[in-house]
2 protein chains.
Amino acid sequence: MTITGQSLIGAMSVRGTQGTFHGIDARTGEALEPAFGGATQDDLQRACALAEAAFDSFRETPLESRAVFLETIGEQILAIGDALIERCMAETGLPRARLEGERARTVGQLRLFASVLRNGDFVDARIDPAQPDRKPMPRVDLRLRNIAIGPVAVFGASNFPLAFSVAGGDTASALAAGCPVIVKAHGAHPGTSELVGQAIQRAVQQCALPEGVFSLLFDSGLSIGQALVADARIKAVGFTGSRAGGVALMKIANAREEPVPVYAEMSSINPVVLLPGALGTRGETIAQQFAASLTLGAGQFCTNPGLVLAVDGDALHAFEQAASAALATTNASTMLTPGIHANYVKGVERLDAHAAVARLASGQAGGPFDAQAALFATTAQAFRADAALREEVFGPASLIVRCRDLDELHSVLKSLDGQLTIAVHLDQDDRTACHALLPTLERKAGRILANGFGTGVEVGHAMVHGGPFPATSDARTTSVGSLAIERFLRPVSYQDLPDELLPQALLERNPLSVARRIDGVVQREE
Amino acid sequence: MTITGQSLIGAMSVRGTQGTFHGIDARTGEALEPAFGGATQDDLQRACALAEAAFDSFRETPLESRAVFLETIGEQILAIGDALIERCMAETGLPRARLEGERARTVGQLRLFASVLRNGDFVDARIDPAQPDRKPMPRVDLRLRNIAIGPVAVFGASNFPLAFSVAGGDTASALAAGCPVIVKAHGAHPGTSELVGQAIQRAVQQCALPEGVFSLLFDSGLSIGQALVADARIKAVGFTGSRAGGVALMKIANAREEPVPVYAEMSSINPVVLLPGALGTRGETIAQQFAASLTLGAGQFCTNPGLVLAVDGDALHAFEQAASAALATTNASTMLTPGIHANYVKGVERLDAHAAVARLASGQAGGPFDAQAALFATTAQAFRADAALREEVFGPASLIVRCRDLDELHSVLKSLDGQLTIAVHLDQDDRTACHALLPTLERKAGRILANGFGTGVEVGHAMVHGGPFPATSDARTTSVGSLAIERFLRPVSYQDLPDELLPQALLERNPLSVARRIDGVVQREE
């Protein structure tokens, strides 16, 4: 469990020779040892060839074996112990408790997908039995199941170095689906990435799976990531990061001879709607919760509340004062990388310089790479007039949009891009107003929440961490929760195949005991 | 039920002023009355505005109402009576029996989706109940359902003027999902399109739905279709046609500010694998079935068997002779349009001119726009050396690839692009060989069939009419069968919403009685 600076290609560790880079101590900006070698195009070719070679056998591993594999990855991650947390703290500036929680979440995700495999519903087994006597033509026997889509490229995210990175949700759901995974490590936490990658590598070995099931590549620039998405053997891409990064990958994937799906989770300002009743009766409490949500993890959540919408008036002023007071005492926290910090500072400066935007509050200042919270306000008219105000400022900054009335608030909502979340704060007497907004909320966001903030993302079966563009590249899916497995599956139909040639899930005797849709109606074994 | 040559925009009939065109008698090439007016950009704007306005209410119509709506469309199509069949025969050259069968199929598809709505599983209702006492953090209440994706553009196909056109599978599945539909009529059967469009228009009125649920636009060129896909109000596209056409629409959709999914079913040569046992014992019977499948509907099926793979030898020669004999007596049939006929003739000439390809047989000659069947042969080596031989020749032409042995046959399969179908003819003693091919077949095709031909496409729950690119633009779906509804849905999650604000499917008391996944396990009302 030593960090070596090497890419993991199947069962091997390989020192890349395409340039070097270091992990950076987020607090000090200093380089951490060891140096990481950038993978070469040859390394990439090898990883893709191994993934391709592993695909047909891995996708047909028994569901129970694949479940055990996912659980083994979780055990191997836990077995790294405190070395993982400490390296991750250094590379990301995130505090211990957060990272221990995130590790638990990561292991929990792997276990969730193990349960999805044991449940078996994701196979979507369907049988339309033959009807040899049907008139005018006999009906053939048709059986359908989902199969894995192919080797998947996963791009680790900077902001969840465990839960959305090497063994994060994309990797867990792709492996669960039966897809080999090649991870392009995020340059902001290479040591963390290598440790987790080694854990997966050990799990592959322990479960006696083909080595090509998993590889991890370090990229000293952008060329390895780009070549990975362009490679004909890669059949889907998972990404969490910036809009520019996601759109660039979408372009590469669409320009391929065979275009492939890119699941990019990108950009969201997560509007918070304060309805008049709630604002009037408990605006100050909501303000404190808002300040806490805004500054959680230095504001580096995809679901960070970057926009507040409310009707202007005394109640909103009271909210603004309470939120400002709460933020003024909030300590600065270290951002993930100096680059993210620099971008945040630029975004705040842009708002400060905007003629129609007023700064309401600032958080405490801190170290050189610490984010100082910032709260701004503007009018609905000004907000609607300038599309730049709808752009995400990644970090603990938020913009309050003062609306004339609920109609104007609704118009502002309608003018927004797609979002991961929209939160509505409402009381009993706001329900009619909320009901009127709901169709718009459904069209704009993947998750609608009442009286809360989006920064907590439950990992379960009913979670959608997704939403219309540019929140994601594909609103038909989620990147968190059990439904995420569907991104990496495709249906195949088998007509009149002799029983012995059918896949297990479709054999007449149903040895897997999976639920099956017979002529359109699901039948479960008891 | 008169054909007027007008576009249908919501409840109105509107004579387009952007040029005119006529339906063409497929047998004679002569223009049919009346003239059709090409829709203008203003017409398109109106149709999109109506669809957008109808969307929120249509997507929340009760499931039973939407089911009745689909059934009403079917009734209204039947009520047109023989006028529909006669116009369609004239416009397409297809025989009466085929079109009567296709009409039944079209009505059957609408009824299938009505049953999907009454079943309710497509909603994918999920509930992860709150756990207020969970440590360290209480768990919120999360509920998920699928909602309609938005207004959908459908491009009618030329080769199924009823089942894949105005009220075809794309329209039926999009309406079932709750999406308003704007159809761009196929220029090859405008009169048929208008008659069916009027039937849908009447059904909208009879069911008292908002008029924007359906519009039908005639396009005198390409500009209306292109503008439709580019329009920000359109959220998905269904298309069946050529690879060039589908790829052009994909490009437009990807270049939008908000990219949207395009479901294009495009190009497939539908390999037929003849394994040695089957070829030896019943090669002649298979040859006769093959000739019948190849020439069905003048070879204008997406699933037409354009490629035959077998090990060279006496048994294959006997097959070739039997297939040639069967084709030699097959009458020519009229193709859908003079343009399709001209392309077919060009494709056949290209094969005739190929140095490594030999013509084995020709069907009977016929009228000026009739397709004469053609059978060719080549070697595996020549086939693999020239990618042009993998291109679809739309019509009753097929190419036999003589392979040295099963290994070479497998290599040829691996070199192929994605396919809608791959058929394998096998006997008991071919099972080991078939088993070895299966992983490749699964990766290459949406449907694998034994001892049959792909030209019959059952409309059911276990059908996949799809497959990897270029068979379709999106291998994760099907354009035939009940699963097609999933193309037009996206999941939305509701967190801690007061019960009275939740959608019906997620209300605690489950008034819709839909199956719901509670903490990952499906519960059904008895």
Side-chain angles (χ1 to χ4, degrees), chain A residues 56 115 119 121 126-128 137 139-140 142-144 147 149-150 250 254 258-259 261 418 431 434-435 438-439 442-443 446-452 456 458 460-464 466 468-469 473 475-476 478 482-483 489-498 500-501 515 517 519-522, chain B residues 56 115 119 121 126-128 137 139-140 142-144 147 149-150 250 254 258-259 261 418 431 434-435 438-439 442-443 446-452 456 458 460-464 466 468-469 473 475-476 478 482-483 489-498 500-501 515 517 519-522:
Chain A
D56 281 331
S115 79
N119 170 288
D121 287 359
R126 295 165 173 239
I127 302 178
D128 295 342
M137 298 269 290
R139 190 171 84 166
V140 295
L142 269 179
R143 293 163 192 247
L144 178 152
I147 70 168
I149 199 167
M250 290 165 70
N254 287 329
E258 178 195 9
R431 294 197 176 185
C434 186
H435 192 263
L438 268 172
E442 290 173 331
R443 289 165 70 156
R447 177 161 56 114
I448 298 160
L449 44 110
N451 296 320
E458 279 293 334
H461 304 280
M463 173 53 72
V464 176
F469 188 89
S473 55
R476 294 164 294 175
T478 172
S482 61
L483 199 54
L489 298 169
R490 51 174 277 258
V492 174
S493 188
Y494 304 81
Q495 178 176 319
D496 282 341
L497 243 68
E500 67 185 81
L501 288 174
R517 190 174 292 276
D519 265 333
V521 179
V522 173
Chain B
D56 280 332
S115 79
N119 169 289
D121 286 359
R126 294 164 174 242
I127 301 178
D128 294 344
M137 299 269 288
R139 190 171 85 166
V140 295
L142 268 180
R143 292 164 194 247
L144 177 151
I147 70 168
I149 199 166
M250 290 165 71
N254 286 331
E258 178 196 8
R431 294 195 175 184
C434 186
H435 193 263
L438 268 172
E442 289 173 332
R443 289 166 72 156
R447 177 162 55 115
I448 298 161
L449 45 108
N451 297 321
E458 279 293 332
H461 303 280
M463 172 52 71
V464 175
F469 187 89
S473 56
R476 294 164 294 174
T478 172
S482 62
L483 199 55
L489 298 168
R490 51 172 278 257
V492 174
S493 187
Y494 304 81
Q495 178 176 319
D496 282 342
L497 243 68
E500 65 186 83
L501 288 174
R517 191 174 291 277
D519 265 333
V521 180
V522 173

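Worth knowing before you read on, the calculation uses all heavy atoms, side chains too, and leaves out hydrogens, waters and symmetry mates. Proteins come first, then strands; the chains are lettered A, B, ... in the order of their sequence lines, and each starts at number 1.
For A:Met137, no part lies under 4.5 angstrom from a heavy atom of chain B. Residue A:Leu489 touches chain B through its backbone alone, counting heavy-atom pairs closer than 4.5 Å. Heavy atoms closer than 4.5 Å to chain A are found in both the backbone and the side chain of B:Leu501. Proximity to chain B is limited to the backbone of A:Arg143, based on heavy atoms less than 4.5 angstrom apart. For A:Leu497, the parts lying under 4.5 angstrom from a heavy atom of chain B are both the backbone and the side chain. Heavy atoms closer than 4.5 Å to chain B are found in the side chain of A:Asn119, but not in its backbone.
The main-chain N or O of B:Ala462 is found under 3.5 Å from a side-chain atom of A:Ser493 such that the two form a donor-acceptor pair.
Residue B:Leu142 holds its CG atom at 4.5 Å from CE of A:Met463, rounded to the nearest 0.5 Å. Note that the OG atom of A:Ser115 and the NE2 atom of A:His461 stand 5.0 Å from one another [nearest 0.5 Å]. Here A:Thr478 contributes atom OG1 and B:Arg490 contributes atom CZ; the two are 11.5 Å apart, rounded to the nearest 0.5 Å. To the nearest 0.5 Å, the span separating CZ on B:Arg517 from CG on A:Asp121 amounts to 4.5 Å.
Residues satisfying the side-chain hydrogen bond (donor to acceptor under 3.5 Å, both in side chains) criterion with B:Asp56, sequence neighbours excluded, are A:Arg443, B:Arg59.
Ranked by heavy-atom pairs shorter than 4.5 Å toward chain B, the options A:Met250, A:Glu442, A:Glu258 are led by A:Glu442. Ranking B:Ser473, B:Cys434, B:Gly452, B:Pro498 against chain A, the residue ahead of the rest is B:Pro498, based on heavy-atom pairs under 4.5 Å. With chain A as partner, the option from B:Ile127, B:Asp496, B:Asp128 having the largest number of non-hydrogen pairs under 4.5 angstrom is B:Asp128. With chain A as the partner, the residue from B:Val521, B:Asp519, B:Leu483 showing the most heavy-atom pairs under 4.5 Å is B:Leu483. When each of A:Gly466, A:Gly456, A:Pro468 is checked for heavy-atom pairs under 4.5 Å with chain B, A:Pro468 comes out on top. Considering only heavy-atom pairs separated by less than 4.5 Å from chain A, the leading option among B:Gly460, B:Ser482, B:Pro259 is B:Pro259. Ranked by heavy-atom pairs under 4.5 Å with chain A, the list B:Val522, B:Leu438, B:Leu144 is led by B:Leu144.
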message: Before you tell me yes or no, could you show the steps for B:Ile448 and A:Val492 under side chain to side chain contact (heavy atoms under 4.5 Å, CB included), namely the whole-Å CA-CA distance, both residues' side-chain angles and the distance that decides it to 0.1 Å?
response: CA-CA 8 Å; B:Ile448 298 161; A:Val492 174; 4.0 Å; yes

query: Stepwise, does the salt bridge (Lys or Arg N to Asp or Glu O under 4.0 Å) test hold for B:Arg139 with A:Glu458?
result: CA-CA 8 Å; B:Arg139 190 171 85 166; A:Glu458 279 293 334; 5.2 Å; no

- request: Take B:Ile149 and A:Arg476 through the test side chain to side chain contact (heavy atoms under 4.5 Å, CB included) and record every step on the way to the result.
  value: CA-CA 8 Å; B:Ile149 199 166; A:Arg476 294 164 294 175; 4.0 Å; yes

